[in-house]
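Ligands are counted one by one from 1 in listed order, and the atoms in each one are counted from 1 as well.
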Amino acid sequence: MTIVSAAVDRPAAAPAHGAIRHDWSRPEIRALFELPFPELMFLAQSLHRSYFDPTEVQISTLLSIKTGGCPEDCAYCPQSAHYETGVKAEKLMSLDAVLTEARAARAAGASRFCMGAAWREPKERDLDKVCAMVEGVRALGLETCVTLGMLTAEQTARLKTAGLDYYNHNLDTSPEFYGEIISTRTYQERLDTLGHVRDAGINVCCGGIVGMGEAREDRVGMIAALANLPVHPESVPINMLVKVEGTPLSGGSQLDPLEFVRTIAVARITMPQSVVRLSAGREDMSEETQALCFLAGANSIFYGPKLLTTPNPGRDRDMQLLDKLGMQPMR
Ligand code: SF4
């Protein structure tokens, strides 16, 4: 498609025809962030329409299959054992209980069922159980996604054999800011896990979190890291920090919602073929901000009253919003 030339010069880097690039420089991405808002939205919306129906939103449901007691120290996370947040450590859910939740998610219109476990990495016996969950959920006709922490190549191959469709492993933020947020695993370890997932032929779900006190330059760096992966993640969740009492990030200042919208738009422009998920943080977001995120190219949401341990808008509220906007779940 041809994009009508705009009143303000578009950065030379902007892929006018939706070309897929993996060589984004930081100045190019910074220039996108700095575009006048109408230009940024126009560019994002134009590219969005090259690859997707702008009225459709992919719906995923996320279930915490193993909650709390995580040995990692991610500063935003209420499930870390390092912080007193009131989240109790629980055992891995039973297969039956997971399948009951998956059936309910399917009945409520979800097309993908995501399962999260608060582990540094899965133990072998736990991985057997998760593989059985993947097989069971797939047999219900749902796409499957799991997030289990770091994986070896061998573990990734086992998940692939079980039929796993997506693996979620976020880069979280820029390489420079990362050390402020997590000390118990390195950026490179995250990239290694993502490499194993990609090599095994499993779709990659990888994004980050904004509003953690990072500078815009860190949001630039996060998008650069994602957009310059050898293959773009099929799914890119962009989360707004949910501040949870007891975590080190509970007292920080709130990110301007328009900066969040800009981050979504720049993710859409730099990774035009990826599904961009408006992820955590929607509970405190106005309908207007969410609508702007959809205009900026977000085309996926988590559905259901809880995101692991933090609140999420109820299903009725989401359906009412999509109805108001004339949008519908992606088939
Ligand atoms: S984000 Fe994941 S790895 Fe980090 S503390 Fe929370 S559950 Fe553990």
Steps toward side chain to side chain contact (heavy atoms under 4.5 Å, CB included) verdict (Asp126, Leu148): CA-CA 10 Å; Asp126 291 328; Leu148 313 172; over 6 Å; no
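- The set of protein atoms (N, O or S) found at less than 2.8 Å from atom 4 (Fe) of ligand 1 reads Cys74 SG, by chain and number.
- The nearest heavy-atom contact from the protein to atom 3 (S) of ligand 1 is Arg185 NH2, 3.3 Å.
- Aromatic ring orientation, Tyr187 versus Tyr178: perpendicular (interplanar angle above 60°, classes split at 30° and 60°).
- A donor-acceptor contact closer than 3.5 angstrom is absent between the side chains of Asn239 and Arg277.
- Phe33 meets the ring-ring contact (aromatic ring centres under 6.0 Å, His included) test with no other residue; sequence neighbours excluded.
- Considering only residues two or more places apart in sequence or on other chains, Arg216 meets the side-chain hydrogen bond (donor to acceptor under 3.5 Å, both in side chains) condition with Glu259.
- In this structure Phe177 satisfies the ring-ring contact (aromatic ring centres under 6.0 Å, His included) test with no other residue, sequence neighbours excluded.
- Using a 4.0 Å cut-off to heavy atoms of Tyr76, the atoms of ligand 1 that qualify are 1 (S).
- Judged purely by distance below 3.5 Å, without hydrogens or angles, the side chains of Gln58 and Ser60 pair a donor atom with an acceptor atom.
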